[in-house]
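Since the model is a prediction, treat every value here as computed from it, not as a measurement. Only heavy atoms go into these numbers, but all of them, side chains included; no hydrogens, no water, no symmetry mates.
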Amino acid sequence: MLEIVTDPAHGGRWTSLRADGHEWLWHRPAPERERASPGDAFVDAGGLEECVPTVRGTPDHGDAWSRPWRREGDADTVHCDRFALTRTIRATADGAEAGYVLRADPGFRFIWAAHALLDLTPRATLRLREGARTRLFPEAAPLLDRPWPAGAPWVEGDWPAPLGPALDRFGPDDGTAVGAVVDTPRACVHDGTRCLALALEADDGQPLSVAVWRNLGGFPAENPYRSTGVEPMLGRAFDLADAGPGDAALVPASGEVRWRLTLSATCHCP
């Protein structure tokens, strides 16, 4: 069974994800996180942040992480300027499930990511669908086997080594940072004998991905630290402003988009 603790008063952040006594979520001291308000620069305290309607860009890491969520029965809801997001978490026989409903005007486009920063050892591995199309973003340029195309928001290759860098192993600190978005809805993280499986389902037609953040001491430029993320995502870009047709979730005529994130400590490798 997975045990999940959230903090509705501070952006709905998941502060604990435990399985058999093991804490999967990484944290760092950031007392300013509790004072954050809409429009503030993102404060990285670790855990799992609900990033919507974008991850990068404006607003930084989205509009929901800096707002209080309200408990309504067994669900938590946040009201933002152009949308409302409701999350319901329940235990399952195999782990846990988080169900989401976003309500907005038809035609509203958004990116959502379960921005989960995991406390992983250098030997941890990430298993995604072999050959899945993978977008790499500009911070990966020094690691590629070719020059970065001028002005390109991303380049594409195939998992697990798109255009050079092998991303299926986290490894020791080496001063690099790489963000990627992989065209697959399922991920399995293995760290020694432990495993964390994540899977995403959504209404028909919504784009499903897994974002990967492998920061091995390369970010931020001042006072860098290690942080490693595996982030189920609706959309195929970090920044909504860069998202072309099919790269973002789209609210249909009903005014609602529904999706479900399932988590398990049992291997479900793609």
Neighbour count above 12 (heavy atom, 6.0 Å) for Asp20 CG: no
Distance-only side-chain donor-acceptor flag, Asp168 / Thr125, under 3.5 Å: no
Residue pair Leu117 / Trp26, side-chain heavy-atom distance below 4.5 Å: yes
Side-chain heavy atoms of Leu126 within contact of Leu128, under 4.5 Å: yes
Residue of the set Thr77, Leu85, Thr6 for which side chain to side chain contact (heavy atoms under 4.5 Å, CB included) holds with Trp69: Leu85
Donor-acceptor contact below 3.5 Å, side chain Asp119 vs main chain Glu23: no
Heavy-atom donor-acceptor pair, Arg236 side chain to Gly246 backbone, under 3.5 Å: yes
Mutual orientation of the aromatic rings belonging to His115 and His61 [parallel < 30°, tilted 30-60°, perpendicular > 60°]: perpendicular
Pairwise salt bridge (Lys or Arg N to Asp or Glu O under 4.0 Å) hits with a residue in residues 243-270, at least two apart: Glu97-Arg260, Arg103-Glu256, Arg135-Asp247, Glu201-Arg260, Glu256-Arg258
Test log, rule side chain to side chain donor-acceptor pair (under 3.5 Å), inputs Asp191 and Thr121: CA-CA 7 Å; Asp191 198 355; Thr121 69; 2.4 Å; yes
No-hydrogen, no-angle side-chain donor-acceptor test under 3.5 Å, Asp174 and Thr176: yes
Lys/Arg-Asp/Glu bridge criterion (N-O < 4.0 Å) met for Asp76, Arg87: yes
Check: Arg33 side chain, His10 main-chain N or O, donor-acceptor pair, under 3.5 Å: yes
Criterion side chain to side chain donor-acceptor pair (under 3.5 Å) on Thr134 and Glu156, from CA distance to verdict: CA-CA 5 Å; Thr134 302; Glu156 291 193 2; over 6 Å; no
Heavy-atom closest pair, residues Ile111 and Gly235: CD1-CA, 3.8 Å
Salt bridge (Lys or Arg N to Asp or Glu O under 4.0 Å) assessment of Arg28 paired with Asp44: CA-CA 8 Å; Arg28 64 186 293 267; Asp44 187 3; 5.1 Å; no
Test ring pair (Phe, Tyr, Trp, His ring centres under 6.0 Å) applied to Trp213 and Phe219, step by step: CA-CA 11 Å; Trp213 174 240; Phe219 180 88; 5.6 Å; yes
Audit row: Glu49, Trp14, side chain to side chain donor-acceptor pair (under 3.5 Å) steps and yes/no: CA-CA 7 Å; Glu49 298 278 13; Trp14 301 33; over 6 Å; no
Cation over ring face, Arg82 and Phe108, 6.0 Å, 45°: no
Positive for ring-ring contact (aromatic ring centres under 6.0 Å, His included) with Phe238, one of Phe137, Trp112, Trp154: Phe137
Exercise: identify the closest heavy-atom pair between Leu240 and Thr54: N-OG1, 2.9 Å
Residues Asp74 and Thr88: side-chain donor-acceptor under 3.5 angstrom: no
Check: Gly179 main-chain N/O paired with Glu139 side-chain donor or acceptor under 3.5 Å: yes
Whether Arg109 side chain and Pro53 backbone form a donor-acceptor pair below 3.5 Å: no
Shortest non-hydrogen contact between Ala197 and His268, atoms and distance: CB-CD2, 3.9 Å
Check against side chain to side chain donor-acceptor pair (under 3.5 Å), Asp94 and Ser264: CA-CA 6 Å; Asp94 196 31; Ser264 173; 3.0 Å; yes
